[in-house]
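Down below is the structure, laid out as structure tokens.
Read the numbers this way: they start at 1 and go in the same order the structure lists the ligands and their atoms.
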Amino acid sequence: MKVILAKSAGFCFGVKRAVDTVYDQIREKGPIYTYGPIVHNKEVVGDLEKKGVRVITSPEEAASLTEGVLILRAHGVSREVMETIRGNQRIRCVDATCPFVKRIHDLVAEESAKGKHIIIIGNAGHPEVIGTMGWSCTPVTVIENEEEAERFEADPSTELFIVAQTTFRANKFEDLVARIRKKGYTTLCMNTICNATNERQAEAREIAGKADVMIVIGDLSSSNSAKLFEICQKECKRTFFIQTRDDLHLNLTGEEKVIGITAGASTPKNIIEEVQVHVGSGNEF
Ligand code: F3S
């Protein structure tokens, strides 16, 4: 039996940078806060909590802090939240927003300043999308599926600027953009899906295509892990979504020739290695 681990499994550049930032700051004196959990992974957040890192979740809380460092996670925040945090002179703000997300904020700010209606292809409840929305000074519409794209309407003279949530599925993005373009608005579109996501998804699809069993490791709250699961399941019926090695119940028959493993952008290396070692050692039979 062969175990194939995706090269792109685990932390992406932006998440690694944000998590490393928190661990670096722990060495400094004073309380450390993160604005929202630094990564969608309860193992990592739990470890940081043990080291004294506290998670705050609202601008009000940020405004009431009296000392310490507040770290912004890779997802980024809205302009308003950023201003509130920067306005609190008693704390130091370390911005770990992923540069690729920051670029979307800048694009949205620029194009909305020209009066364009902003469309974000993504999940309306996702913190990255909520943050991005907050950099527009014109109306923003979030579109996640075919129905929403078909239903979209604006004044015919409106110019549109379309961007994507960085972790959105590439072919679904193209499909939704095509549906919006069909309506005849003047449209400028930037595919802002992160390459890390594209690569991870393509590699997961390829491995799942040849695997008898596929394992996707990620936190239940991680949307990019959920998308990986969806992609792999299309290629391989026996795809399992697990959070840690403890969730592994593959019920292997012994007939399997290839087991594939991939993991979302928020899954730490040690969890991936544990799963790889466990499956490779034949403990799942
Ligand atoms: Fe950044 Fe791409 Fe990761 S946008 S946070 S490197 S998925």
Taking 2.8 Å as the cut-off, does C98 contribute an N, O or S atom near atom 1 (Fe) of ligand 1, distance below it? yes

Nearest protein heavy atom to [atom], by residue and atom, and its distance?
{"atom": "atom 2 (Fe) of ligand 1", "value": "C194 SG, 2.3 Å"}
{"atom": "atom 6 (S) of ligand 1", "value": "G14 N, 3.4 Å"}
{"atom": "atom 3 (Fe) of ligand 1", "value": "C12 SG, 2.2 Å"}

Any ion pair linking [Y] and [X] (charged N to carboxylate O, less than 4.0 Å)?
{"X": "K210", "Y": "E206", "answer": "yes"}
{"X": "E111", "Y": "K114", "answer": "yes"}
{"X": "R169", "Y": "E230", "answer": "yes"}
{"X": "E67", "Y": "R90", "answer": "no"}
{"X": "K7", "Y": "E199", "answer": "no"}

List every atom of ligand 1 that sits less than 4.0 Å from any heavy atom of T166, numbering the atoms from 1 in the order shown and giving each element. 4 (S)

